[in-house]
A.B. asks: 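Quick one: the structure is below, questions incoming.
Below, read A as the first sequence line, B as the second, and so on, with proteins coming before strands; counting in each chain starts at 1. Values below: all heavy atoms of this structure, side chains included; hydrogens, waters and symmetry mates excluded. Source: prediction; values computed, not measured.
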Amino acid sequence: MSKLCSLTEAIQQYVHDGDTIYAAGFTHLIPFAAGHEIIRQGRRDLVLARATPDLIYEQMVAAGCARKVIFSYMGNPGVGSLRIMRAEMEAGRLEWEEYSHFGMISRLQAGAAGLPFIPMQPTATRDLENANPLYRRVTDPYTGQDVIVLPPLRPDVAIIHVQRADVNGNAHIWGILGEQKEAAFAAEHVIVTAEEIVSEDIIRSDPNRTMIPDLIVDAVCHVPYCSHPSYTQGYYDRDNEFYLQWDKITASREETQRWLEEWVYGVKDRAEYVEKLGPETLARLQVPERLSAPVNYGAY
Amino acid sequence: MSKLCSLTEAIQQYVHDGDTIYAAGFTHLIPFAAGHEIIRQGRRDLVLARATPDLIYEQMVAAGCARKVIFSYMGNPGVGSLRIMRAEMEAGRLEWEEYSHFGMISRLQAGAAGLPFIPMQPTATRDLENANPLYRRVTDPYTGQDVIVLPPLRPDVAIIHVQRADVNGNAHIWGILGEQKEAAFAAEHVIVTAEEIVSEDIIRSDPNRTMIPDLIVDAVCHVPYCSHPSYTQGYYDRDNEFYLQWDKITASREETQRWLEEWVYGVKDRAEYVEKLGPETLARLQVPERLSAPVNYGAY
Amino acid sequence: MSYSSAELMIVNAARLLRDRDVVFVGVGQPNLACNLARRTHAPNLVMIYEAGVIGARPARLPLSIGDPTLVSGAASVCSMYDIFTLYLQRGNVDVGFLGGAQIDRFGNINATVIGDYSQPKVRLPGSGGAMEIAAWANRCYIMTPHQKRRFPEKVDFCTSAGFLSGRAERQAAGVRGGGPQAVVTNLGIMEPDETGELVLTHIHPGVQVEQVQENTGWPLKVAEDLCVTQPPTDEELRILREELDPRGVYLR
Amino acid sequence: MSYSSAELMIVNAARLLRDRDVVFVGVGQPNLACNLARRTHAPNLVMIYEAGVIGARPARLPLSIGDPTLVSGAASVCSMYDIFTLYLQRGNVDVGFLGGAQIDRFGNINATVIGDYSQPKVRLPGSGGAMEIAAWANRCYIMTPHQKRRFPEKVDFCTSAGFLSGRAERQAAGVRGGGPQAVVTNLGIMEPDETGELVLTHIHPGVQVEQVQENTGWPLKVAEDLCVTQPPTDEELRILREELDPRGVYLR
């Protein structure tokens, strides 16, 4: 059953004020286009969960979409800090809930796996555990030792960018996998954005590559360059110049608003954004081909 | 660093009397050749852990290698029961420790992940829980409900058959993945057997396909047709006739011993076994090619 | 057209499936029932297998739960841990098929042992995936020949929970799934009543209620509105015999 | 050849690595230290990244922890959950690199907050992978410029455990890893003594002990056998400048 629709429609239908959103991707496959569409549609009071808020959540925070962030590392990756999120938190205007990467990903894994809670080995330091009441301890019935546990995370909506998907939502992902699969299975609803929509035959030629199965997917959107200024393995490179530039833009709130006006509110959708980026930028981000060696599944 | 050696050497070095062995594979990639080599080398008092003992463990039990089995489903898959294992258990000559598939695989996952224990949702029935003292209950600190838990399983040796590996032990697996990865990470030592030894370039052309990384591998053995009478996806089909035949062979202990004499003790190694199988059998098990669509990783 | 007991059970099980159901499929008869449903009224049925296969489209009759034909052309393949967690435990499975050596009055199943657990009279295969399928699939169906020894009042060992001693006990255990919805046999169909007790609700054409009672190990309740099932159609039999199991491995 | 503070730290950190070490690598200076070691005395070093990359062979300087150059040509790529469980928590990681805004007398690290946690004076990035790396990697190394504000007697917030209040407390906590083995700065190297307190064991050529003390927030103990480090060799500097970071992103 085809679930193909525009990203505009998908956000309208599945993202509501107050929802907990997980826009997945660890530096890779970050669904910037979806973040921008949420900003354009004026969603409010969102809880933004993501191991690394990155620029995408900072832009959503700057646009006033968020009530709270759930995170484990808040930085402009490879550049420095996220000035606006940091300032909002320091000013007491943005709630937060904090984990280590492992804690964050473990919560998602528990949510995805349907586990009641997930145990972790002790890390000796208790400061974060004391700061976040969702960290608890139980006694290991085999050793009598204390074990740290966390409850499942169950976002209302996960947004998962992928390299290629069929219209039903079966999706191939390669390169850094981050927490894509766990976020999708943990969430109540799943929006898939894809660089390419391909025939079912392509997907089914390599079922081990299908990280997201159609049966958990609600909407499939064809969104080339969805991840810019981040990257999609094999499709385009990270626009590092923009990551550096963002550090300067966010030094001023006015400048940040001007950027949002021009690049988010000022365009209708990602297609217009890509057109506005222009051929020179796109050319700069191209990468030469490096293909995987095929495998033989056999025609059984 | 190359870890290439013969399967004979690998078993000599890493499998000792009394060890807990996990010869992995859920109907797929079952390392029959390794089981036969263990029989030839006369190992005793082994604890044989495997979700599905299948014919491989029945042969090892029949040859007197085993003190105990740890399992979750004991049958001749698609055919019927494992007559010898069943008789040994009914006669009180073979110890066992039993789980559901999920319990078994969860124990491996906990072992692989370094978790202190692993929780599972309740299943309402308590009979197996009461029969196996390793099942325990803890209280979910978030809901106050009882949760079932199991401790990690940490085999001494995992034997993992794969389609292709490099000499260092980085291995590509496709088709049914079963518990290959979990068994490998859970074990103290890992023996990889491979249908093909390929260049590092082939492996590194598709790193997402590498389920087993070299850093946990102790030995790499080139063993074509390692899984016969089971199958290796894309390489050969299951020899169903043998599965049916085994049901008849094991109706008699004498017949079973004769089979072991001829097909295990009577051959030096898997190469001789394959030669003995003969070209007609091999031809019958061939499958037409069905290749995966390649993916582009990009030459970053 | 005449048909075997196996064909009768398979056809009746197939009819219980709904389009878009996600089904945890076993090998053999359940596999045939699912493939039959997919070729008739449920073209969007999703078949998943405990080996880790999702959306299988087997080109031949699978001879084991891990047959390579399940993989080639499937939508997705994942590890066993993933299939039992992300799919089953998480609540993504609508239907599970179960079988066993004994099924009791409340739909509890024994696939583990006849006699004492530690000194078994007959050692059976064990749970496999069944313990969790019975607990967590939204609906479960049981297919089994109708014989008295298979339907004792109480199972020797409860491998998979039906309604335990009744619906209240299952509910108190806090499991996700709805429990067994129907037991399809060669004589008819039993379904749980409001207490969780299996009641005869359908008989197959030509079967007498007495015959069912004789083959059941407890005083079997019969539904007031007992129905007679529709016999397998020619088309259903043709698909089974010509397309799905031409060598008749599971149809006899 | 003259060299920068960054180059000095990178070269000294590289020398601490052993051939065949499995290293949990961060971006920036630790990445350069590992690649330098791999090109000199540790050709079999295995670099793994929290993004899920194992055995990376980056063809260019990675600009983030998830740079695509880490993936192309790597030995294996897995999920983040896998990298933190199968590799780190399971005990497959020999070395972790750590950094932070504050490092204290017992090697505890703060990367979370300056001031009160709930009303931060300065909100820092947070743990990322560091909380578990510090606990479970067999050995940890810290690279940081030597400034008094970075080396307080006690951290405001303990993001990653060093030796807490001393080795005994860490041991009692039951963590797998051995804790911080060395803090490499632009002035020298500090290593924990038998109590877990950081002691100055090496100074770089031309550095005075007083200078190190002035830049440390507690009365710094000096090892009896204080050594002077070997200056970076021309070859080490050539590899860094020509092969690894030709644009000098992390070398200045």
A.B. asks: So which residue, C:Gly129, C:Gly52, C:Gly162, ends up with the most heavy-atom pairs under 4.5 Å with chain B?
C.D. replies: C:Gly129
A.B. asks: Return the set of residues passing side-chain contact (heavy atoms from CB on, under 4.5 Å) with B:Ala124 (not counting sequence neighbours), or none when no residue passes.
C.D. replies: C:Ala161, C:Leu164, C:Ala173, C:Val175
A.B. asks: Tabulate, with distances rounded to 0.1 Å, every donor-acceptor pair spanning chain B and chain C at under 3.5 Å.
C.D. replies:
{"from": "C:Glu50", "atom 1": "OE2", "to": "B:His101", "atom 2": "NE2", "distance (Å)": "3.4"}
{"from": "C:Arg60", "atom 1": "NH1", "to": "B:Asp237", "atom 2": "OD2", "distance (Å)": "2.7"}
{"from": "C:Arg60", "atom 1": "NH2", "to": "B:Asp237", "atom 2": "OD1", "distance (Å)": "3.0"}
{"from": "C:Arg60", "atom 1": "NH2", "to": "B:Asp237", "atom 2": "OD2", "distance (Å)": "3.3"}
{"from": "C:Gly66", "atom 1": "O", "to": "B:Thr27", "atom 2": "OG1", "distance (Å)": "3.3"}
{"from": "C:Gly66", "atom 1": "O", "to": "B:Tyr231", "atom 2": "OH", "distance (Å)": "2.5"}
{"from": "C:Pro68", "atom 1": "O", "to": "B:Gln233", "atom 2": "NE2", "distance (Å)": "3.4"}
{"from": "C:Ser72", "atom 1": "OG", "to": "B:Gln233", "atom 2": "NE2", "distance (Å)": "3.3"}
{"from": "C:Met80", "atom 1": "N", "to": "B:Gly178", "atom 2": "O", "distance (Å)": "3.1"}
{"from": "C:Gln89", "atom 1": "OE1", "to": "B:Gln121", "atom 2": "N", "distance (Å)": "3.1"}
{"from": "C:Tyr117", "atom 1": "OH", "to": "B:Trp96", "atom 2": "NE1", "distance (Å)": "2.8"}
{"from": "C:Tyr117", "atom 1": "OH", "to": "B:Glu98", "atom 2": "OE1", "distance (Å)": "2.5"}
{"from": "C:Arg123", "atom 1": "N", "to": "B:Glu90", "atom 2": "OE2", "distance (Å)": "2.7"}
{"from": "C:Arg123", "atom 1": "NH1", "to": "B:Glu98", "atom 2": "OE1", "distance (Å)": "2.8"}
{"from": "C:Arg123", "atom 1": "NH2", "to": "B:Glu98", "atom 2": "OE1", "distance (Å)": "3.2"}
{"from": "C:Arg123", "atom 1": "NH2", "to": "B:Glu98", "atom 2": "OE2", "distance (Å)": "2.6"}
{"from": "C:Pro125", "atom 1": "O", "to": "B:Met74", "atom 2": "N", "distance (Å)": "2.8"}
{"from": "C:Gly128", "atom 1": "N", "to": "B:Ser72", "atom 2": "O", "distance (Å)": "2.8"}
{"from": "C:Gly128", "atom 1": "O", "to": "B:His101", "atom 2": "N", "distance (Å)": "2.8"}
{"from": "C:Glu132", "atom 1": "OE1", "to": "B:Ser100", "atom 2": "OG", "distance (Å)": "2.9"}
{"from": "C:Glu132", "atom 1": "OE2", "to": "B:Ser100", "atom 2": "OG", "distance (Å)": "2.9"}
{"from": "C:Trp136", "atom 1": "NE1", "to": "B:Pro122", "atom 2": "O", "distance (Å)": "3.0"}
{"from": "C:Cys158", "atom 1": "N", "to": "B:Asp127", "atom 2": "OD2", "distance (Å)": "2.6"}
{"from": "C:Cys158", "atom 1": "O", "to": "B:Thr125", "atom 2": "OG1", "distance (Å)": "2.5"}

A.B. asks: For the interface with chain C, which of B:Pro122, B:Gly175, B:Gly78, B:Pro77 has the highest count of heavy-atom pairs at distances below 4.5 Å?
C.D. replies: B:Pro122
A.B. asks: Which of the residues C:Gly66, C:Gly126, C:Pro125 is involved in the greatest number of heavy-atom pairs with chain B at under 4.5 angstrom?
C.D. replies: C:Pro125
A.B. asks: Determine the option with the most heavy-atom pairs under 4.5 angstrom with chain B, choosing from C:Pro120, C:Cys158, C:Gly177.
C.D. replies: C:Cys158
A.B. asks: Go through the atoms of B:Leu244 and report whether side chain, backbone, both or neither lie under 4.5 Å from a heavy atom of chain C.
C.D. replies: neither
A.B. asks: If you count heavy-atom pairs within less than 4.5 Å of chain C, which of B:Gly75, B:Pro53, B:Gly178, B:Gly234 leads?
C.D. replies: B:Gly178
A.B. asks: I'd like to check the ring pair (Phe, Tyr, Trp, His ring centres under 6.0 Å) partners of C:Phe163; sequence neighbours left out, ordered by chain and number.
C.D. replies: none
A.B. asks: Tell me, out of C:Gly28, C:Gly128, C:Ala135, who's got the most heavy-atom pairs with chain B below 4.5 Å.
C.D. replies: C:Gly128
A.B. asks: Does any backbone or side-chain atom of C:Leu70 lie under 4.5 Å from a heavy atom of chain B? Answer side chain, backbone, both or neither.
C.D. replies: neither
A.B. asks: Looking at C:Val77, C:Leu124, C:Leu88, which makes the most heavy-atom pairs under 4.5 Å with chain B?
C.D. replies: C:Val77
A.B. asks: Select one option (side chain, backbone, both, neither) describing which atoms of B:Met120 are under 4.5 Å from chain C's heavy atoms.
C.D. replies: both
A.B. asks: With C:Ala75, which residues qualify under side-chain contact (heavy atoms from CB on, under 4.5 Å), at least two apart?
C.D. replies: A:Asn170, A:Arg204
A.B. asks: So which part of C:Val113 gets closer than 4.5 Å to some heavy atom of chain B, the side chain, the backbone, both or neither?
C.D. replies: neither
A.B. asks: Could you walk me through whether C:Met80 and B:Leu177 pass the side chain to side chain contact (heavy atoms under 4.5 Å, CB included) check?
C.D. replies: CA-CA 7 Å; C:Met80 276 181 89; B:Leu177 303 175; over 6 Å; no
